[in-house]
Amino acid sequence: MTTPPFIPGLELSRRFYVEAVGPLLDQAAPGLAHSAARLGSGSEVLGFDTARSADHEWGPRLEVFLHPRDVARYAADITALLAERLPKTFCGYPTHFAEAGDDGIGVMRATGGPVHHRVTVTDAGTWFTERLGFDPGKGIALADWLATPAQRLAEVTAGAVFHDGLGHLVPARTALGWYPDDLWRYLLACQWRRISQEEAFVGRCGEVGDELGSAVVAARLVRDLMRLCLFMDRRYPPYGKWLGSAFALTPQGPALTPVLTAALAATDWHTREHHLARAYETVAAAHNHLGLCAVVDPTTRPYHNRPFQVLHAERFAGALTARITDPAVLALPPAGAVDQFIDSTEILSRPDLARAVTHVTPLPGA
C-alpha cells in the first residue's frame, strides 16, 4: 500500500467525523444528541505527531459521547454499524486497527471484512472518570487536582472538540483548563522548592570527584526548570517524550534551550553550574513578571559558606506561599501534586510528610 501524504492527526480525525462518522450517526439515530472529539492519549492530541506516529494507535479515530441514558440504548448498535459501514480507508489511511502483539496496541491494516475501528462510543462522565479518577461535570475537589498527573490533564484539555451537541464537553474541559489561582501559586512554590532542594548538589557532587552524580543532578534540575516554565505559562507539563517539545513553545524556550543544552553537555561541574546559574536568573526574572507574588531578587549567590553558586530558590516558594489565601491550600504539606512529590528530596527524607501527602491526595482509583 502506498503511504499517503501525512495529515496531522487532529485534522484527520476532524475530517473523519465530518465526512464519515457524523453522517452514519445521523442515519443510525436521527436527531440523537451527541458530542464528538479527539481527546486522550496520542501524540496528535498534544499536536506533536509526525509521520512516524502512524506506526501504532494513530489514524482515523475519535471519541463519540452520548447522554448516559443513551449509551445502553445506542452505543453497541452504533459501534456495530460503524464496523460494517465505515469506509475501509479514509484519506488513504485504513480505518481498521489490527492488534499487534499481546499488549493490544492497534496498528492500521487493510481489511476486507468489518472494520475494527477506533471510534469510542461512551458518555463523558465515564470517559473522564476512567482517565482522571473523577468526573469534572460533578465538580473538581482539591484532591482531584493534586492526585491527577499533569500529562492526564493535558490529554483531556488538549486535542479538539468537533461537535458538542450535549453541551457538556466544552464546559468540562474549560473547568479543567488550569488550576485555581491559589493552587497555581502552591504548585509553583513546590516546583521552586524542588529546585532549592538540589541546586547546591551539582557543585557538591563535583567537589568530591563525582562528575557523573553532578551531571545526573543537573539533568534533574534542567527537567524541573523546564516544567517550571510550563507551569508559569499555564501549560500542563507532559511526560518525558514530549517535555522538550512542549517547553520549546513557552516564552522562555527559545532563549533557555541553548543554555540548558550547554549545562547538560558540560563535562565539569564548574561549567555545569555556570550555565544553570544563567538559567535560574532567566526563569526567576520571568517569574517576577507574572505578578503572582512580591518581586524576589533574581540574582544567584553563594550557597551559605560553601563555594557553590545557587539561586536559593526557596525564596520564591516563600513569596508565593505568602500570597495564598485559601485555607485549604495553605494547609497542604509542601509537597505539591503527584508529579512533584513522587521523587521529591523532601518526601524521600521525611516519612511523616510522605504519609501526610498520601492521606491528603489519594491517587485516582485508589
Side-chain angles (χ1 to χ4, degrees), residues 1-21 35-65 89-109 115-120 122 124 127-128 130-132 148-162 169 172-173 176-178 222-223 226-227 229-231 233-250 253-254 257 260-261 338-339 364:
M1 183 180 73
T2 303
T3 302
F6 175 71
I7 301 173
L10 284 182
E11 174 60 16
L12 179 64
S13 293
R14 184 193 67 80
R15 295 185 197 176
F16 189 47
Y17 169 70
V18 171
E19 300 175 27
V21 176
S35 299
R38 178 68 190 99
L39 313 173
S41 62
S43 56
E44 71 273 27
V45 172
L46 299 180
F48 298 136
D49 55 325
T50 66
R52 176 69 66 192
S53 307
D55 62 4
H56 74 286
E57 289 297 348
W58 182 100
R61 54 179 301 190
L62 61 124
E63 292 73 42
V64 171
F65 301 99
T89 62
F90 185 80
C91 292
Y93 291 100
T95 58
H96 175 76
F97 286 76
E99 290 190 3
D102 299 328
D103 52 9
I105 296 295
V107 177
M108 292 182 292
R109 292 285 186 268
V115 171
H116 184 214
H117 55 78
R118 280 293 192 267
V119 179
T120 301
T122 184
W127 187 87
F128 278 115
E130 287 176 348
R131 280 147 188 81
L132 303 178
T148 306
Q151 167 69 22
R152 290 299 182 97
L153 291 168
E155 290 175 353
V156 301
T157 56
V161 175
F162 310 128
L169 194 56
R173 280 162 46 89
L176 291 165
W178 193 244
V222 166
R223 182 190 65 172
M226 292 166 69
R227 288 176 60 87
C229 288
L230 285 157
F231 274 124
D233 198 35
R234 296 170 62 95
R235 293 173 180 263
Y236 293 119
Y239 72 121
K241 180 165 66 171
W242 301 121
L243 180 60
S245 297
F247 169 72
L249 299 176
T250 66
T257 293
L260 297 179
T261 300
V338 60
D339 308 79

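- Ring geometry for F65 against W127 counts as perpendicular: the plane angle is over 60°, on a 0 to 90° scale with 30° as the lower cut.
- Contact detail for Y93 and I7: the closest heavy-atom pair is OH-N, 3.8 Å.
- Exactly one of R131, R173, E155 qualifies for a side chain to side chain contact (heavy atoms under 4.5 Å, CB included) with L39. That residue is R173.
- Using cut-offs of 30° and 60° for the angle between ring planes, the Y236 and W178 rings count as tilted.
- When every heavy atom of A158 is checked against every heavy atom of L46, the shortest pair comes out as CB-CD2, 4.0 Å.
- Rounding to the nearest 0.5 Å places CE of M226 at 4.0 Å from CG of L243.
- For L169 against S35, the heavy-atom pair with the smallest separation is CD2-CB, 4.1 Å.
- For E57 against I105, the heavy-atom pair with the smallest separation is OE2-C, 3.6 Å.
- Taken from CG in L10 to CG in L62, the straight-line distance is 11.0 Å, to the nearest 0.5 Å.
- For the atom pair F16 CZ and H117 NE2, the distance stands at 8.0 Å (nearest 0.5 Å).
- Atoms CZ and SG, on F247 and C229 in that order, are 5.0 Å from each other to the nearest 0.5 Å.
- Of the possible donor and acceptor atoms, none in the side chain of D233 sits under 3.5 Å from a partner among the backbone N and O of T250.
- Here the closest non-hydrogen pair linking G92 and P4 is O-CG, 3.6 Å.
- By the 4.5 Å heavy-atom criterion applied to side chains, Q151 and W242 are not counted as neighbours.
- Looking at heavy atoms from C-beta onward, T95 lies out of side-chain contact with V119 at the 4.5 angstrom threshold.
- A heavy-atom distance below 4.5 Å is not found between the side chains of S53 and E44.
- For L12 against P60, the heavy-atom pair with the smallest separation is CD2-N, 3.7 Å.
- Side-chain contact between R152 and L132 is present, with at least one heavy-atom pair separated by less than 4.5 Å.
- The side-chain heavy atoms of R61 and R38, taken from C-beta on, include a pair separated by under 4.5 Å.
- Atom CZ of residue F162 and atom OH of residue Y17 lie 9.5 Å apart, to the nearest 0.5 angstrom.
- With values rounded to the nearest 0.5 angstrom, L249 atom CG is found 8.5 Å from L230 atom CG.
- Side chain of H96 to main chain of R109: no donor-acceptor pair is present (N/O by atom type, distance under 3.5 Å, no hydrogens or angles).
- Under the 4.5 Å side-chain criterion, counting only non-hydrogen atoms from C-beta, F97 is in contact with M108.
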